[in-house]
Structure formats: C-alpha cells, structure tokens
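Chain letters run A, B, ... following the sequence lines, proteins first and then strands; every chain starts at 1.
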Amino acid sequence: MPYDPSSSEARWQKAWADADSFTAIRDERPKYYVLEMFPYPSGRIHMGHVRNYTMGDVVARFKRAQGFSVLHPMGWDAFGMPAENAAMEQGGHPRDWTYGNIATMREQLKPLGLSIDWSREFATCDDSYVAQQQALFLDFLDAGLITRKSAQVNWDPVDMTVLANEQVIDGKGWRSGAPVERKELTQWFFRISDYSEELLEALEGLTGWPDKVRLMQQNWIGKSRGLQFSFAATDASQGFDAIEVYTTRPDTLMGASFVALSPDHPIIRTLAAGRPEVADFCEECRRIGTTEEAIETAPKMGFDTGLTVRHPLDPEWQLPVWIANFVLMDYGTGAIFGSPAHDERDHEFATKYGLPIRATFGERGMDLAQADAMVAKAAYVPLKSEVVTYVRGFAGKTEQTGEAAVDAAIAHAEAEGYGKGVTKFRLRDWGISRQRYWGCPIPVVHCETCGTVPEAKENLPVLLPQDVSFDQPGNPLDRHPTWRQASCPKCGGKALRETDTMDTFVDSSWYYARFTSSRADTPTNRADADYWMNVDQYIGGIEHAILHLLYSRFFARAMVKTGHLPETAKEPFNALFTQGMVTHEIYMTRDTRGRPVYHLPEDVTDGKLADGTPVEVVPSAKMSKSKKNVVDPVNIVSSFGADTARWFMLSDSPPERDVEWTAAGAEAASKFLSRVYRLAEETRGGGEDPELTRAAHRAIADVTKSIEGFAFNKAVAKLYELANAVGKSGAGGEPRREVLRILAQLMAPMVPHLAEEVWSMAGGQGMVVDAGWPEPDPAMLEDDTVTLPIQINGKRRAEISVAKDMPKDQIEALVLADDTVQRFLDGATPKKLIVVPGRIVNVVA
RNA sequence: GCCCGAGUGGCGGAAUGGUAGACGCAGCGGAUUCAAAAUCCGCCGGAGCAAUCCAUGCCGGUUCGAGUCCGGCCUCGGGUACCA
C-alpha cells in the first residue's frame, strides 16, 4: 500500500491528542521549556512559520524523548498597527480582524502536527492578558521603573496623526504625502537605562546565546568613557554662560575647530525664539525625521550661529558655535566639539564649511607638517590601540596609543579642573506610549486636581471601547464620546483617561513568563513560574536580536524586582537560536508601460505562464505578498503532507541561514519519505548484517549530536545515509526491524507521523512518541583502521591505511616507503615529516 | 552613515587549521516497461590522452598545511530605538 500522508497524519494527530501527549505537567521528570517567538496574526501562516515551529518542535520532541517534562506553548502577538490599517482600508473592527486571523492560522498550524500544549494558548489582546499587563505596569510604576518625559515623534500635519518610522517614506507621510514634522509629546518610559551596566555585564553569562547577538547588544548599549567639560562663552551678552560637551576623544582637543550643537539643544531653542533664520534651519533639520539612519545618512548641514566660545586650554583661542543636523540631543550632552582631522563626519563638515583641519597626531614618527598634510584630504582614524605620534598633544607622552592619550587627557582635565571623566551609555529609556487604538491601554488617569494618577488595581482591566470607527486618521480613543471620562482613584473627582496605549514590544516582553501559568489571575503564578522558568531554548529571527531580546531581558528584571518571577529568571532565555528566512525566486513580467507584474510560483511552469509567456526570474528574496513569491504551506500540506513540508524545511540549508523554497526540493523530500515507508513495509527474510547495525549506531551518535548542535540539515543527511544503508543491506527479520525502529526513533522529532507508521510496521511497542531516545553502543562506533592521507608540501598525493593505534615511527617508515612519496622525493631526504595521529601526514620536501 | 552577519560545483550545502565538495537536487548513462511514469543501479567541479594543473567573492599575510586564522576591499542580508 502506498504511503498516504493525509489519512496517516490525521490519524496520528488524533492519537497524540487522545493520549494527551503534549500537555505540559509538573512532575518528577526534569523540565525543559522550549519556545519559538510567537507569531503576529497577519492572516495566514507562511513558510517562515513552518520553518520556525518545525525547528522548535524538533527540539521539543527530542527533549521529550530524552525524558524531559517539556513545556512547548503557542500564542499570538495580537496587538499592532496592521489590524488598524485593515480596519481603515476594508472597514470592520481590529478585534474581529485579529481574532478571525487567529482562528484561521490556528487551523492552518494544527495539521503540521506540532507537539504544542494548546491548552495554554492566549493572545496578547485577550482581556485577561491586558488585565495582567496593566497590573504589571502599576507594579512597575510603584517600583520606580517608569517615568514620564518629553520625546519626539513623527507628525503628519495633514492627517494630524503620529506616524511610525515605517510610515515615513522619504520624509513624507505614507498616506497624505505631506512632509513629516517632528513633534514633542509627553510620553511614558520604562527606565531601562538604569539597567545599562547590568544588562551589559550580564551578557557575559549568556553562554547559550550566539556571540553575534551578544556583540550586537553590547554595541547597542554602547558603554563609553569620555570627558565632559564646558566651553565658556566669550562674552555674557550671547545669552549663555557655557556649553557642556561630551567627547570620547579628548586627546584631540588641540585639533578642535568648531563646537556643534543639536538643533534641539536648549541654547539653540532660546536662540531660535529671537532669530527666524535659526528657527528655519532647525525646522529643516527636523524634516529629516526621527530615525538614526535618516539623520546619519542625510547630507551634513550646518548653520553658523555667530556665537563663539573659548578653548579650555587657551583662553585666547575662540571657536565658532554651529548648529549641525548630525548632532543628536539624545546622546551625550547634545553638543560636541568638532575635531575634523580625526573624525570622518567632522571632516566632511569642516570641508563643506571651510573650517580649519588641524592634526592632533600622525602616523608614528611624523612631524607636525607631515601630519597636517595627511589629514587635509581625509580624516586619520587609526585603531585606538595603535601607537601614534602626537603633534598637538597636551597630556601624556608624544608617542602613545589613542587609549593612553584619552586617559592622559582625562587625567589632565581632572587635575586642572576644567572637566571630568564620565562613563556614558548609548542605550536610551524605552518609550512605550503609542497614540494608537489597538494596543494595551496605559492604566492611568489625568485628574484635574491630583494630576497624573495610576488607576486603582481593583478597577483593572481598563479595556478598549468597542464602539470606534477608523474612517478618519488619528487615535479613535481621543475622539470617543465617553470612554475618556473617569473618576480619580485618589480624590474621586473628575479625571480623563490616558489615551496612549502601550508599545507592542511590551506585550512580547513577558509572554514567555505568562505561558508558565496562562490562566492565572495574577501576571504569573509563582509556583509555576519557579518551576518552568527559564526558557531553556528560545528560537526566532535574527531581526529581534536587539530590541525584543533586550526589552525582554529588562522586563524579566523588572518582574523579579516586583516579585513576579524568581531571582533566577533575571535572564529569561538560557539559550537562543536565530533562524534564517524562507526565500523564493520572484517571477515577473512587464505590463505595456514596462511596470513589473508579479506571478505566483504555482502559476509558473518551466519559466512560462499558462499561456506560454516567458517570465523573468529574479533571484531569491524573502517571501512577500507584494512580490508574490510566496508558497502557501496549506497547499503543500494538502498535496504532500505535513511531514514533507517539515522535512524539506530541515534539509539542506543550515537553520541559521536563509533557505530557498523550491518545488524540486519539496518533491525530493516527499519521494524520500515514501521510500522510507516502502523500506518499512517490505518484509525480508535473512538475518544479521553487522555493518548495518554499526551504521545504525553511528547514525544514533551523529543524529543526536547534530540535533543538539542545531544542525538539522546534517541530521537529515545522516538519516539519508542510514536509509540508504537499510536499502542496500541484506539484513532481514528482527535484526532489520530493529534498525528500522532506530530509524523511526531518530526521524520522529522531524517527521513524527511517518515515524509512527514506521515504528508500528517494524514491531514497535506503543507509539514512537513515547519510545524514548536510543543510545548508541560505544563498541559499535570504534574503527580498527584509519586511512591517512599523505601530503607532500601540503598537497594530497597518496594515502595509506594503518591500524588506529600504530606508533608514529612505524607510520613514518610506511610513508617513506610509499611509491608516490619516493617518486616525489626522488632520492632526497625530506626536510620535515609531520604526522598528526589519526588525521594526516605531511612530507616537507 | 554606524553595528552585526553571509559569500564553496549547474543548484542547496559538507568539511576540531589536516584528503575541498558528505548528503540531497538537477543532469547524463543503464536496468525494468509495448511505451511512459514510478522505482532500482552507476557516473557527475573545470582543463588535460595522461602525469598533472586550476578551483571555496577579490587582494595581501601567518602556517609544514588556510574554505577555516589575521589585515584591506567587494557584493548581498539583518538591525538602526513607533513594522513585527
């Protein structure tokens, strides 16, 4: 009987459900918590989901087989802008759109046969999750973890609404097309910057995380040591006494040629009030938008204020004060001094505006003239660890490293009293206020007499009103007729509700903790949290390497501080794996006006459309609806079965890299699974085949190691080898069935349905899901002889087969006697003979 | 711009500093078949009759030996604080 995935997969899924196989329970087994980043309910599942959740499922089933009590939950990251956009574009309510999508996606996910404990499922927009998140907010507020301050947002002056960065395209609002302005609003912030040092230091302990992610976070937090000091105003009539600056290169102070302030600097604001041309310039700077990328890549723009300050080391030396569009108010003091010889941005700025460029140091041994000549065209920015010659130094030695010079400069400033060494972080507080409807309301009211007052816990949850419309831009909460009316929990007087909702990163910063007890009427249940935390293996996209993971690390600390998590859960994710995307070729034709028209892969055969029109093939890119290079997992599952989709997602490409979906690859996966089924179905007479048994034990060792190392593609390759070995072997009867059962066990985490079929055909007891993980017999893994390649001058020329434990001198004798070696040596004695036991021999002639 | 990655046959990829190309796809040849599909077996980086030579994005370096380590580039991808 040929293998029929559709009936088989449904049957096994029901068997697992009936046996309650995947319900996580606290028992005497050691626990293992595996979590994949939960999905945003966009509408339908895509191949990226299949890949992500299959990887997590492999880990979950593997650990379960190894005897762990596994927690493997699923939920929905359900608040966010797309639901509001859908409501604006198609009408309807974000809630209905979201829950509709969740229902669809849940039904699409279930046929994949994932070992998920569905009883713990929740969506972040559920009233119960909102309620507990608001309770956390109030606890954090109490604990001093939250503050309110002013921040800038993108403002669309036509739609009269705040725009997200992705809604600003080339400096214009995506719907109105109006040039975006910056606007200041008072916002709620989580005080993550209080934890800068701790979040940085704790990275060292995250040994289960990829180094690249730790490095990215380290750079993001951005600890720096520098000098903070003031430039005094040349005369008091300028309207300020001094400008405070921060620099990480105080050693370049003698190369200073200007002072630059952020357009948002208080001194500039004051100045702008009286000088329209200053105000105009600042307005222009603000049109760049709020993203760091836009600000950094925009052409350098400056405005000479005419103000001047004195150099701290030479009162006679006057420096001009400029406004510069690349100086950020958020970092340091919002003011810098420009040292164009040793900073590329300053160099560009100085060149553009004709400001002097004076070298502070040059390459080792250079004199002042040489150093000045070198920096005339381009900034000289060697590594700080490199020794250079200071031609305009003022502290430390003439010949020293940048590092030493910075230390000497700080010491000099402190001794002379004009500045002090300061440690700063790039990490800023986390602004969570969003002027949008579809999010968790911030549980605060604004009272006419008491000011800003937290809502009382007994009044939670503060739920979103349902009667809202999206026919006009802006936050529907602002214009709701009654929802804002509240009474002050403090004085009972009239108050207005906060209409800002929380950043959706808040929702995803603690869902992992909520899964440990997803129905509790407090944010967590401590007994459950204590048992299940931490997440032993977290899996998700590299795009979350910084923000989501950093926020979660902060949130876990905040939950520890407020008693919702045990001290040991400060770092909530013991191990992290970041997987790559699923990509596909793009098929394109052009319309009569030459504009691209995209076509779905299922409409393209052999590079042609159904009507014979050839398509242009654009190299693989991330699957996206707009490019139509999407393959719907639902179609793959219905035509090939879930196991095929799962197997293909694990084959070939290493999990951390992107994988390209190809129809041929899917078919190959399907063919292989059918072959395994046929191998199991076939009964053969005959007996032992020691070689096959050895192959099986080698496969156990290799597959175990590969799964543990997240090298699923290598595990797949080993399983191909084992299946090939079964096909070629003359083994029969029980010895053959025993190998087939090992094959079933090893394949079970990846293709669980087929594994159950093979297990049962090969005479396995019960279900393979309960069968445990096989152990290799060490005796079967040993080889008596090894093949040693012989290199001559580093090139492989011959090989010899020797006993595994043959002593070096015997090997050397064999090598020298070898024909090829003799021929190459041509009677000469080798200069050197390198024998790496068990690996290689190199003859240096 | 800045930070972090990736780049190996026609394709996806494998390789504790030690035989470059495991395993798979495609292709080619064969078996089976009236024929095809499916299946099974074999070959399969390039050049060369061969000995050999060339080959891991590019340029240099360290080493007995470099895909792997170091320096400098190029291209592509992720992030850049209100996309999730």
Could you state the atom-to-atom distance from [atom1] of [X] to [atom2] of [N] in whole Å?
X	N	atom1	atom2	answer
A:Y551	B:C83	OH	P	10 Å
A:Q217	B:G79	CD	C1'	12 Å
A:W220	B:G79	CH2	P	11 Å
A:L679	B:C40	CG	P	8 Å
A:E386	B:G72	CD	C1'	13 Å
A:E543	B:G77	CD	P	15 Å
A:N52	B:A84	CG	P	18 Å
A:E296	B:C3	CD	P	10 Å

Report all side-chain donor-acceptor pairs from residues 77-84 of chain A shorter than 3.5 Å, counting only partners two or more places apart or in another chain.
from, atom 1, to, atom 2, distance (Å)
A:E84, OE2, A:Y437, N, 3.0
A:E84, OE2, A:W438, N, 2.6

Is a side-chain N or O of A:S729 found less than 3.5 angstrom from the main chain of A:A725, in a donor-acceptor match?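 It does not hold such a pair.
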
Sub-3.5 Å donor-acceptor pair from the side chain of A:T290 to the main-chain atoms of A:V153, do we have one?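 No, the answer is negative, given that no donor and acceptor are paired below the 3.5 Å cut-off.
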
Could I get the full list of side-chain hydrogen bond (donor to acceptor under 3.5 Å, both in side chains) partners for [X], not counting sequence neighbours?
X	result
A:N724	A:R675
A:K149	A:D429
A:R428	none
A:W220	none

Going 5' to 3' along nucleotides 11-23 of chain B, which nucleotides have protein heavy atoms under 4.0 Å from the base (write B), which only from the sugar-phosphate (write S), and which from neither (write -)? -BSSSB-BB--BS

Residues 644-654 of chain A vs side chain to side chain donor-acceptor pair (under 3.5 Å), sequence neighbours excluded, gives A:D57-A:R646

Could you work out which one of [options] sits closest to the side chain of [X]?
X	options	answer
A:A664	B:A81, B:C25, B:C4	B:C25
A:T297	B:A38, B:C4, B:G1	B:G1
A:I546	B:G5, B:G79, B:A84	B:G79
A:L215	B:U80, B:G5, B:G78	B:G5

So what does [X] touch, heavy atoms closer than 4.0 Å: a base, only the sugar-phosphate, or nothing?
X	value
A:K831	nothing
A:L427	base
A:T662	nothing
A:Q187	base
A:H544	base
A:V843	nothing
A:Q435	base

Can you check salt bridge (charged side-chain N to carboxylate O under 4.0 Å, His left out) on A:R214 and A:D211, steps first, answer last? CA-CA 5 Å; A:R214 292 197 280 172; A:D211 288 342; 2.8 Å; yes

Answer yes or no: is there a side-chain heavy-atom contact under 4.5 Å between A:V659 and A:R51? yes

Under 3.5 Å, side-chain donor or acceptor atoms of residues 836-845 of chain A against the rest of the protein: list the pairs with distances, not counting sequence neighbours.
from, atom 1, to, atom 2, distance (Å)
A:N842, OD1, A:G794, N, 3.1

I'd like the [atom1] distance from [M] over to [N], given in whole Å.
N	M	atom1	answer
B:C76	B:U8	C1'	16 Å
B:G77	B:G27	P	30 Å
B:A20	B:A66	C1'	11 Å
B:C53	B:G5	C1'	35 Å
B:A47	B:U80	C1'	48 Å
B:A14	B:A81	P	34 Å
B:C54	B:G48	C1'	11 Å
B:U52	B:C69	P	31 Å

What does the list of N/O pairs under 3.5 Å between the protein and nucleotides 44-52 of chain B look like, with a distance for each?
from, atom 1, to, atom 2, distance (Å)
B:U52, OP1, A:R823, NH2, 3.1

Partner set under side chain to side chain contact (heavy atoms under 4.5 Å, CB included) for A:D159, not counting sequence neighbours: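 Here the qualifying residues are A:D156, A:T161, A:R175, A:S176, A:P473.
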
Under a 3.5 Å cut-off on both pairing distances, which runs of 3 or more consecutive Watson-Crick or G-U pairs involve RNA chain B?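 When the pairs of RNA chain B are grouped into runs of at least three, the stems are B:1-7 with B:74-80, B:10-12 with B:23-25, B:27-31 with B:39-43, B:45-47 with B:52-54, B:57-61 with B:69-73.
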
A:V821 and A:I792: which non-hydrogen atoms are nearest, and at how many Å?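 Looks like CA-CD1, 4.0 Å.
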
Mark yes when over 12 heavy atoms from residues, nucleotides or ligands other than A:K352 sit less than 6.0 Å from its NZ; otherwise mark no. yes

Any chance CD of A:E344 has more than 12 other-residue heavy atoms, nucleotides or ligands included, within less than 6.0 Å? no

Could you check if the base of B:G9 is syn or anti? Syn means the glycosidic torsion is within 90 degrees of 0.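 The base of B:G9 is oriented syn (glycosidic angle within 90° of 0).
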
Which of residues 74-85 of chain A sit near RNA chain B, with a heavy atom under 4.0 Å from it?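 Output list: A:D77, A:G80, A:M81.
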
Would you sort out whether A:E682 and A:R684 count as a salt bridge (charged side-chain N to carboxylate O under 4.0 Å, His left out), showing the intermediate values? CA-CA 6 Å; A:E682 184 186 340; A:R684 276 203 199 178; 2.8 Å; yes

So how far is it from A:R44 CZ to A:M105 CE, rounded to the nearest 0.5 Å?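 It comes to 9.5 Å.
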
Between A:K212 and A:F505, which has a closest nucleotide on RNA chain B that is more 5'?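 It is A:K212, whose closest nucleotide lies nearer the 5' terminus.
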
